[in-house]
Amino acid sequence: MSETARPVGAVRAIVGESPVWSEADRCIYWVDILGGLVHRYETDSGSNRYWRMPEHVGNLVLVDGGGLLVALEGGLHLFVPETGALATLCDIKVDLADQRFNDGTCDPRGRLWIGSMAMEEPVRRAVGPLFRFSPDGTIARMLDGFLIPNGMAFSPDGRTFYVSDSHPSAQTIWAFDYDLDDGALSNRRVFATTHDLPGRPDGGTVDADGFYWSANVGGGCLVRFDPDGRIDRTIDVPTEKPSKVAFGGLSLDVMYITSINHNLQNRDEQGLAGSLFRLDAGIRGLPPNRFGPLEQLSTGQGT
């Protein structure tokens, strides 16, 4: 076991995000948001392959039955890496003028939860909504008022939903009670804040013990919170802007961390920025929830 995060592969993304482990492909899929790329790091060979998307790509999740659900600027698409095929499942660009999809995750019943944010830099407007996209093709606007929605994850039993806002003025992770039957949120409360910690909460995940991991962007560290929101441990990583963690490997005991090589404070010291990192910290994760099954998908959409 080692608590030293080491880069894997030679890729340096602009904004690396959204790592997810695919057991079937023995790889980590991840994205470069501003580069418009979907990457695949093959853990057996150590090689990386990528596909160029037609727009900024905010997030991806695995699809039940194969393929990836890829969120581009204002649409959700089925992407098949083997063929390169990209099919639109939901397009709401009209409702998201000057915005793009950002972080997202699936619940245990196959629904996608995903946020959107303004494309301006720096972000000044709290116009970001949170959507729930169901396998039957319907999309519902569930929450509003986010600046940079991030950190989405579910507890091991699926009964608690986490979401954060990474903006410097927010720096808050919230928890909700979650109804698995109807996908409803209730009992919003502050789970943790990072005002007194290095960095801000970016991508989040939950491990097999039910502890929540935050990649603290700008702080060069990962923070593990217990289910009551207390800090359990902090692990430094050798780059200023870690962005999200995924557990991978056949035993789900390897942590893969994406990072950002954009708007850095001290670029001269950021030679590894944008890397995908590997960390062996003696913690086991959970299999990623998948979207679908796609057999339920209809042509109807609603907001």
Side-chain angles (χ1 to χ4, degrees), residues 17-18 58-59 61 71 76 92 95-96 99-118 123-134 138-197 199-207 209-217 222-232 243-245 286 288-289 291 302-303:
E17 264 287 6
S18 193
N59 186 75
V61 295
L76 301 172
I92 55 172
D95 299 322
L96 295 178
Q99 294 190 50
R100 65 166 176 82
F101 281 125
N102 197 45
D103 189 58
T105 194
C106 288
D107 73 10
R109 299 288 175 86
R111 309 176 188 97
L112 173 70
W113 284 81
I114 191 165
S116 183
M117 58 181 282
V123 175
R124 296 186 178 89
R125 296 175 295 148
V127 296
L130 195 65
F131 294 96
R132 186 191 66 209
F133 181 52
S134 299
T138 58
I139 187 164
R141 191 168 182 143
M142 304 299 292
L143 292 173
D144 284 285
F146 289 92
L147 285 145
I148 307 177
N150 252 316
M152 281 168 248
F154 284 89
S155 60
D157 65 2
R159 301 291 180 180
T160 303
F161 173 67
Y162 300 96
V163 61
S164 69
D165 194 320
S166 298
H167 195 271
S169 66
Q171 297 194 46
T172 299
I173 306 165
W174 292 275
F176 292 80
D177 293 341
Y178 190 69
D179 190 318
L180 280 169
D181 292 329
D182 61 12
L185 301 174
S186 61
N187 189 26
R188 180 174 182 168
R189 66 259 186 204
V190 172
F191 175 72
T193 70
T194 62
H195 293 289
D196 297 324
L197 297 174
R200 299 170 280 113
D202 201 325
T205 194
V206 172
D207 62 30
D209 296 321
F211 286 52
Y212 179 92
W213 288 83
S214 171
N216 272 25
V217 66
L222 311 176
V223 183
R224 188 189 195 218
F225 296 93
D226 73 15
D228 293 320
R230 295 184 294 259
I231 296 174
D232 173 72
S243 55
K244 193 168 184 177
V245 176
L286 298 165
N289 294 328
F291 178 78
T303 57

Checking F191 against I173 for the side-chain contact (heavy atoms from CB on, under 4.5 Å) test, could you report, in this order, the C-alpha distance in whole Å, the side-chain angles of both residues, the deciding distance, and whether it holds? CA-CA 5 Å; F191 175 72; I173 306 165; 3.8 Å; yes
Measure the shortest side-chain to side-chain distance between I92 and F131 over non-hydrogen atoms and say whether it is less than 4.5 angstrom. yes
Can you check salt bridge (charged side-chain N to carboxylate O under 4.0 Å, His left out) on D95 and R141, steps first, answer last? CA-CA 11 Å; D95 299 322; R141 191 168 182 143; over 6 Å; no
Of all heavy-atom pairs between A192 and G229, which one has the smallest distance, and what is that distance? CB-O, 4.1 Å
Keeping S169 on the side-chain end and H167 on the backbone end, is there a donor-acceptor pair under 3.5 Å? no
Give the ring-plane orientation class for Y162 versus Y212, where under 30° counts as parallel, over 60° as perpendicular and anything between as tilted. tilted
Minimum heavy-atom distance between P108 and G158, given as atom pair plus value: CG-CA, 3.9 Å
Do the non-hydrogen side-chain atoms of V217 and S243 ever get within less than 4.5 Å of each other? no
Nearest atoms (heavy-atom pairs only) where N150 meets G203: OD1-N, 4.2 Å
Closer than 4.0 angstrom, basic N to acidic O: yes or no for R109 and D107? no
Separation between CZ of R224 and CD1 of I231, rounded to the nearest 0.5 Å: 13.0 Å
Taking the side chain as C-beta and beyond, is there a heavy-atom pair between F154 and F161 under 4.5 Å? yes
Between CD1 on residue I114 and OG1 on residue T105, distance to nearest 0.5 Å: 10.0 Å
F133 side, atom CZ; C106 side, atom SG - distance, nearest 0.5 Å: 10.0 Å
Between H195 and A170, is there a donor-acceptor pair closer than 3.5 Å when you use the side chain of the first and the backbone of the second? yes
Taking S116 for its side chain and G128 for its backbone only, find out whether a donor-acceptor pair lies under 3.5 Å. no
Does the side chain of T194 reach to within under 4.5 Å of the side chain of V223, using non-hydrogen atoms? no
Take R100 and M117 through the test side-chain contact (heavy atoms from CB on, under 4.5 Å) and record every step on the way to the result. CA-CA 6 Å; R100 65 166 176 82; M117 58 181 282; 3.8 Å; yes
What are the two closest heavy atoms between D182 and A184, and how far apart are they? OD1-N, 3.1 Å
Close side-chain approach of L286 to P156, heavy-atom, < 4.5 Å: yes
Considering all heavy atoms of both residues, which atom of A215 and which atom of K244 are nearest to each other, and what is their separation? CB-N, 3.6 Å
Evaluate the salt bridge (charged side-chain N to carboxylate O under 4.0 Å, His left out) criterion for residues R189 and D177: first the C-alpha distance (whole Å), next the side-chain angles of each, then the deciding distance (0.1 Å), finally the verdict. CA-CA 9 Å; R189 66 259 186 204; D177 293 341; 2.9 Å; yes
Return yes if some donor-acceptor pair links the side-chain N/O of N102 with the main-chain N/O of I148 below 3.5 Å, else return no. no
Got P129 and F146 here, is their nearest side-chain heavy-atom distance under 4.5 Å? no
If you measure from OG on S134 to CZ on F291, what distance do you get to the nearest 0.5 Å? 7.5 Å
In the structure I gave you, are the side-chain heavy atoms of W113 and V163 within less than 4.5 Å of one another anywhere? no
Go through the steps for R132 and L185 under the test side-chain contact (heavy atoms from CB on, under 4.5 Å), then give the verdict. CA-CA 11 Å; R132 186 191 66 209; L185 301 174; over 6 Å; no
So how far is it from S166 OG to N216 CG, rounded to the nearest 0.5 Å? 9.0 Å
Derivation and outcome, side-chain contact (heavy atoms from CB on, under 4.5 Å), residues D202 and E17: CA-CA 10 Å; D202 201 325; E17 264 287 6; 2.9 Å; yes
Quick one: CZ on R111 to OG1 on T138, what's the gap to the nearest 0.5 Å? 9.5 Å
Give a yes or no on whether the backbone of D232 and the side-chain of D226 come within a donor-acceptor separation of less than 3.5 Å. no
For residues W174 and D165, determine if any side-chain heavy atom of one lies less than 4.5 Å from a side-chain heavy atom of the other. yes
Evaluate N59 against S18 for side chain to side chain donor-acceptor pair (under 3.5 Å), listing each step before the verdict. CA-CA 6 Å; N59 186 75; S18 193; 3.1 Å; yes
Taking all atoms of both residues into account, what is the closest heavy-atom pair of Y178 and T160, and its distance? CB-N, 4.3 Å
